[in-house]
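What follows is a set of notes on a single structure, which appears directly below.
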Amino acid sequence: MTETFDAIILGAGGAGLMCAAIAGQRGRRVLVIDHANAPGKKILISGGGRCNFTNLGTAPDRYISMNPHFVKSALGRYGAQDFLALVERYGIAWHEKTLGQLFCDGSARQIVDMLLSECDRGEVELRVAAPISDVAHGDGQYRVTHGGRVAQAPALVIATGGPSIPKMGASGFAYDLARQFGLKVVEPRPALVPLTLSGEEALFRDLAGVSAPVVARCGKASFAEAALFTHRGLSGPAILQVSSYWYPGQPIGIDFLPRAPEDWLIAAKRERPRATVQQLLAAQLPDRLAGALAERLALTGGLADQKDRALVEAGQRLSDWRFVPNGSEGFAKAEVTVGGIDTAGLSSKTMEARKVPGLYAIGEAVDVTGWLGGYNFQWAWASGWAAGQAL
Ligand SMILES: Cc1cc2nc3c(=O)[nH]c(=O)nc-3n(C[C@H](O)[C@H](O)[C@H](O)COP(=O)(O)OP(=O)(O)OC[C@H]3O[C@@H](n4cnc5c(N)ncnc54)[C@H](O)[C@@H]3O)c2cc1C
């Protein structure tokens, strides 16, 4: 027997649940299907269990997409303050951590429960642990075979996310489905992901566990946050941020002393001629990092023994230390995916496919990737809201 709905949403993550709640509350009969055994699993593990659910600084320039304008409409109509108002309506306590990042005081579970309550208000039917074996389209209806049942609706929403963290149920299903309906997919890459260093840079791998506030750069992108050395390479917020802009072969530049004036070593030579570079660095950076950098700079003796030119060069190197990562830790460790369903085929107002009436794509499945800091959930809410209004 085929069950009939007004809309079927594939994926019960942040985007799918928001979309379902909005459409359901607008009177649509909505079915949500997910192959995982529970909804919102990524929300539960996000933000260290406290869910960094939005960012007060949300703006289009904090998103990566082949079309940087695509996000404007949805974010303009459903912004950080709108989601915050919902959170407050549910009495969920929250705090701003840093850089506009809003977290639950308690647990990410509160966000999932809130979304599920919103779905209940819209009488949304949710089916989890329901593997999807077939999606077909004909006579104006999308037919989804899942767990031995068949449901049909004139509207289908792809909200199955990207392939980051497969052990949480993530898959490339959205891309396969998009291609099945003739939509293009921008090559997906792991993003917000630790980068790995080769043997040549092993000196830095010995610093595993050391972190420092830096400015990390990749191409034109630059982020002033902490970098962390790991036993495989580089991580920490600054590195995760630049990883989203990184292509294999490109160097990452790190400014270890972003507040130091350009000629600070020359000035130090005059003030403390007998001090060593390592001593100066150790006054500003963790000891082990200062030692590793000084060893690489190889300026033996005191500052008075160094030529000014050598000190200028050392200063320049410290402000733009080049690493050429040999890879990243991949989708297994990536928080998100850059790339996805090409926005050129979608309406930025409704998220509906331009050439496939009734087919929608939202959330991380789409070629829109936010910076670290709550931007990705804000995109999930905003794109889900936009489609939910249109269904
Ligand atoms: C460890 C971690 C921490 C994060 N922390 C934050 C944070 O604090 N703030 C922030 O903004 N972002 C964070 N993110 C990113 C954020 O989780 C995602 O951007 C967001 O979850 C995307 O929402 P979505 O609904 O599009 O996709 P998802 O949340 O991935 O949901 C997709 C759903 O589709 C289901 N699905 C997948 N394939 C199939 C299939 N074949 N059949 C049926 N169902 C399927 C999945 O089970 C899942 O429930 C974090 C990500 C990770 C991995």
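The basis for the numbers below is simple: all heavy atoms, side chains too, and nothing from hydrogens, waters or symmetry mates. Atoms within each ligand, like the ligands themselves, are counted from 1 in listed order.
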Q) Evaluating non-hydrogen atoms only, which member of Leu372, Asn52, Ile9 is closest to atom 8 (O) of ligand 1? A) Asn52
Q: With rounding to the nearest 0.5 Å, note down the distance linking CG in Leu115 to CG in Asp113.
A: 9.0 Å
(Q) Please verify the inter-ring angle class for His137 with Tyr142; under 30° counts as parallel, over 60° as perpendicular, anything in between as tilted. (A) parallel
(Q) Below 3.5 Å, N or O to N or O, backbone or side chain included: is there any such pair between Met168 and ligand 1? (A) no
Q.
Show me which atoms of ligand 1 lie under 4.0 Å from any heavy atom of Ser171.
A. 37 (C), 38 (N), 39 (C), 41 (N)
Q.
For Thr160, which part has a heavy atom under 4.0 Å from ligand 1: side chain, backbone, both, or neither?
A. both
Q | Subset of ligand 1 atoms that lie under 4.0 Å from at least one heavy atom of Ile132 | A | 42 (N), 43 (C)
Q: Among all protein heavy atoms, pick out the one at the shortest distance from atom 5 (N) of ligand 1; state its residue, atom name and that distance to 0.1 Å.
A: Ser46 CB, 3.2 Å
Q. Of all the atoms in ligand 1, which lie at a distance below 4.0 Å from a heavy atom belonging to Ile165?
A. 53 (C)
Q. Would you call Arg317 and Glu313 a salt bridge, taking side-chain N to carboxylate O under 4.0 Å as the test?
A. no
Q | Atoms in ligand 1 with a heavy atom of Gly374 nearer than 4.0 Å | A | 9 (N), 10 (C), 11 (O)
Q: Could you find the nearest protein heavy atom to atom 23 (O) of ligand 1 and give me its residue, atom name and distance?
A: Ala380 CB, 4.0 Å
Q: Can you figure out which of Trp381, Phe377, Phe331 has its heavy atom closest to atom 20 (C) of ligand 1?
A: Phe377
Q.
If only side-chain N and O atoms count, and only distance matters, is there a donor-acceptor pair under 3.5 Å linking Gln25 with Glu118?
A. yes
(Q) Which of the numbered atoms in ligand 1 are under 4.0 angstrom from any heavy atom belonging to Ala15? (A) 25 (O), 26 (O)
Q) Is there at least one pair of N or O atoms, one from Ile45 and one from ligand 1, spaced under 3.5 Å apart? A) no
**Q.** Trp371-Phe223 aromatic ring centre distance below 6.0 Å
**A.** yes
Q: Measure the spacing between SG of Cys51 and CD1 of Ile43 and express it to the nearest 0.5 Å.
A: 6.0 Å
Q) With a cut-off of 4.0 Å, which atoms of ligand 1 are near a heavy atom of Ala159? A) 32 (C), 33 (C), 34 (O)
**Q.** Separation between CG of Leu318 and CD of Gln284, rounded to the nearest 0.5 Å
**A.** 9.0 Å
Q. Going by atom types only, do Thr54 and Gln378 share a side-chain donor-acceptor pair under 3.5 Å?
A. yes
(Q) Can you confirm whether or not the ring centre of Trp381 sits under 6.0 Å from the ring centre of Phe377? (A) yes
Q) Counting each atom of ligand 1 from 1 as listed, which ones have a heavy atom of Gly47 under 4.0 Å away? A) 5 (N), 8 (O)
Q.
Minimum distance, heavy atoms only, to atom 46 (C) of ligand 1: which one of Asp34, Val193, Val128 is it?
A. Asp34
